[in-house]
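Let me begin by presenting the structure, written as structure tokens, before commenting on it.
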2 protein chains.
Amino acid sequence: MQDTLFDFISKYVSLTEDEKNAIVSLDIFRSVKKGTTLLKEGQKSKESYFVLKGCIRTYYVLDGEEKTTAFYTEMEALTPPCVISKTPSEYYVSCIEDCILLISNSDMEAELNQKFPKFETMCRILSEELLAKQRIDFDEFKTSSPEQRYLNLVEKRPDLIQRVPQHQLASYLGIKPQSLSRLRARILEKKS
Amino acid sequence: MQDTLFDFISKYVSLTEDEKNAIVSLDIFRSVKKGTTLLKEGQKSKESYFVLKGCIRTYYVLDGEEKTTAFYTEMEALTPPCVISKTPSEYYVSCIEDCILLISNSDMEAELNQKFPKFETMCRILSEELLAKQRIDFDEFKTSSPEQRYLNLVEKRPDLIQRVPQHQLASYLGIKPQSLSRLRARILEKKS
DNA sequence: ATAACTCGATCACTTAAGTTAAGAAATGCG
DNA sequence: CGCATTTCTTAACTTAAGTGATCGAGTTAT
């Protein structure tokens, strides 16, 4: 599992054995059971998550309804906005599968950034890349219809359609579960 | 105008006079006329933009139709995804007002990042903040209807409604210009 | 084993957005 | 200034999403 992490890091910076050991000794690897809530609305938190195995989701509760806005799977990182803004969280984070996560603390990260320029370089590049990726996702979302968005998801993240309940997928696509059901029926109709 | 920039930077790191002079001597301040296209679809580019005055927009041309996905105004920064991915641009960037911009080059930035850790720290923090902000925007977009999105925009970016043509606002809200017109009429109806 | 709950599909109905077209108002340009 | 183009609004019609309700299958808990 550690190798998975270092393979990932090696795409951004190259670490010495000592540096790798330093990371391992931080003791931030965590096994988390399906259903565990990592962050609740209203909570303050300094934790960031990196998914080594499994899937976590972020969701809001608006008018008593869950609105799932994002999923993070293998090799994806999440720093909740509340960690950046230092305000209470607007949303929940929970595990929809048994997970192996890296859970880091922003104080710890600040220290690493100061001590190891290499680490800060990696964080900068990662943020810049994520920003660009997210921008493209947002643009695609804006410029397409629910049906196109669903087809796009089938194309690009077929795994999500298998591992995530439909009602969570629906709000991820910006629609109601009933509409997703109907839309899927419509697509099947067209194919035949 | 330079002061505006240094005021902005001072929120992230504190610069010495020498460092400020170094930035000024990079000669990256540019005046750009309304209507100027800064980046075209298919082009490769290494340029990032920081708006000191004015407004720039990003748009795709899909099926011959312009789809505006973002506006950048005073004190906002744009690094097009193509600069990060080093692939031809998927979209256009153009000025919808006379602008004063900082136009930087990614090679130049890489050099600065290497020479001045302070600069890299600022870039990291900025990217992290922008990522969190954009995440919230995306989440709000997903969880609300076109009408709510419009009202939200009136609330949070009233300036955009004044300075931007409606058909550009419409695709920014993920709808057609006719729908925006209708939706506005509906809102006025309700108020009376 | 059964009761309670969750999840997805379906249906009828309502509401709003997409589409097509036309025309008025504003803007730009020769 | 006046013509052309762009921008915005309106309207009629089509299509799809929201809403509320029901049903069946699968899961969980007791």
Side-chain angles (χ1 to χ4, degrees), chain A residues 33-37 55 57 59 61-68 71 92 94-98 141-154 160-192, chain B residues 33-37 55 57 59 61-68 71 92 94-98 141-154 160-192:
Chain A
K33 278 260 164 288
K34 173 176 177 171
T36 307
T37 297
C55 181
R57 67 186 256 257
Y59 64 97
V61 176
L62 304 175
D63 303 319
E65 249 189 314
E66 278 190 17
K67 303 273 191 172
T68 299
F71 300 102
Y92 295 79
S94 82
C95 300
I96 61 176
E97 298 174 358
D98 288 346
F141 192 95
K142 270 189 186 172
T143 58
S144 56
S145 67
E147 184 169 329
Q148 288 173 315
R149 296 200 287 257
Y150 175 74
L151 290 169
N152 192 36
L153 193 68
V154 171
L160 280 188
I161 296 179
Q162 300 310 316
R163 63 208 285 195
V164 167
Q166 302 250 353
H167 65 281
Q168 290 175 13
L169 269 186
S171 49
Y172 180 68
L173 294 169
I175 58 177
K176 301 285 163 180
Q178 295 92 321
S179 297
L180 177 55
S181 241
R182 180 168 40 196
L183 171 165
R184 297 180 78 198
R186 199 164 60 222
I187 291 170
L188 282 176
E189 189 85 3
K190 284 182 194 167
K191 276 191 186 165
S192 62
Chain B
K33 278 259 162 291
K34 174 176 175 171
T36 307
T37 297
C55 181
R57 69 186 255 256
Y59 64 97
V61 176
L62 305 174
D63 304 319
E65 248 188 314
E66 278 190 16
K67 303 273 191 174
T68 300
F71 301 102
Y92 295 80
S94 83
C95 300
I96 61 176
E97 298 174 358
D98 289 345
F141 193 95
K142 269 188 188 174
T143 57
S144 55
S145 67
E147 185 170 327
Q148 288 173 315
R149 296 200 286 256
Y150 174 74
L151 291 170
N152 192 35
L153 193 68
V154 171
L160 280 188
I161 295 179
Q162 299 311 316
R163 65 210 283 195
V164 166
Q166 303 251 354
H167 64 282
Q168 290 175 12
L169 269 186
S171 48
Y172 180 69
L173 294 170
I175 58 177
K176 302 283 164 181
Q178 296 92 320
S179 298
L180 177 54
S181 245
R182 179 168 40 195
L183 171 165
R184 298 179 78 199
R186 199 165 59 222
I187 290 170
L188 281 177
E189 189 82 6
K190 283 181 194 167
K191 276 191 186 166
S192 61

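Labels below follow one simple rule: chain letters A, B, ... track the order of the sequence lines, proteins then strands, and each chain is numbered from 1. In this text, all values refer to a predicted model and were calculated from it rather than measured experimentally.
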Whether B/Ser179 contacts C/dA17 is assessed here as follows: a side-chain N or O lying under 4.0 Å from the phosphate OP1 or OP2. Is that the case? no

Check the angle between the aromatic planes of A/Tyr92 and A/Tyr59 and answer parallel, tilted or perpendicular using the 30° and 60° thresholds. parallel

Take the protein atom CG of B/Leu180 and the nucleotide atom P of C/dA16, then report the distance between them rounded to whole Å. 15 Å

Reckon B/Pro146 touches a base, only the sugar-phosphate, or nothing at all at heavy-atom distances under 4.0 Å? sugar-phosphate

B/Ile175 CD1 to C/dT19 C1', straight-line distance once rounded to whole Å: 14 Å

Taking the side chain of B/Lys176 as its heavy atoms from C-beta onward, which of C/dG18, D/dC8, D/dT19 lies nearest to it? C/dG18

Look only at the side chain of A/Lys142 and the backbone of B/Tyr172, and say whether a donor-acceptor pair between them is shorter than 3.5 Å. yes

Check the distance between D/dA17's C1' and B/Arg149's CZ and give it to me in whole angstrom. 12 Å

Exam field: side chain A/Ser171 to backbone A/Lys67, donor-acceptor pair closer than 3.5 Å: no

Within this structure, what is the CG-to-P distance between B/Leu188 and D/dC8, rounded to whole angstrom? 16 Å

Nearest-nucleotide comparison on DNA chain C, the residue closer to the 5′ end among B/Lys34 and A/Gln178: A/Gln178

Heavy-atom side-chain proximity of A/Gln168 to A/Phe71 below 4.5 angstrom: yes

If the cut-off is 4.0 Å, is A/Arg186 near the phosphate of D/dA17, judged by side-chain N/O to OP1 or OP2? yes

Between D/dA17 (C1') and B/Glu147 (CD): distance, integer Å: 15 Å

Starting at atom CD of A/Gln168, determine the distance to atom P of C/dC7, rounded to an integer number of angstrom. 7 Å

Ignoring hydrogens and angles, answer whether the base of D/dG18 and the side-chain atoms of A/Arg182 contain a donor-acceptor pair closer than 3.5 Å. yes

Counting distance only, does the side-chain N/O of A/Lys176 pair as donor-acceptor with the main-chain N or O of A/Ala170 below 3.5 Å? no

Length of the line joining B/Glu65:CD and D/dT7:P, which is rounded to integer Å: 13 Å

Can you check the B/Gln166 CD to D/dT10 P distance for me, whole Å? 11 Å

Does OP1 or OP2 of C/dT6 have a side-chain N or O of A/His167 closer than 4.0 Å? no

Which part of the nucleic acid, if any, lies within contact of B/Arg184, taking any heavy atom under 4.0 Å across all strands shown: a base, the sugar-phosphate backbone alone, or nothing? sugar-phosphate

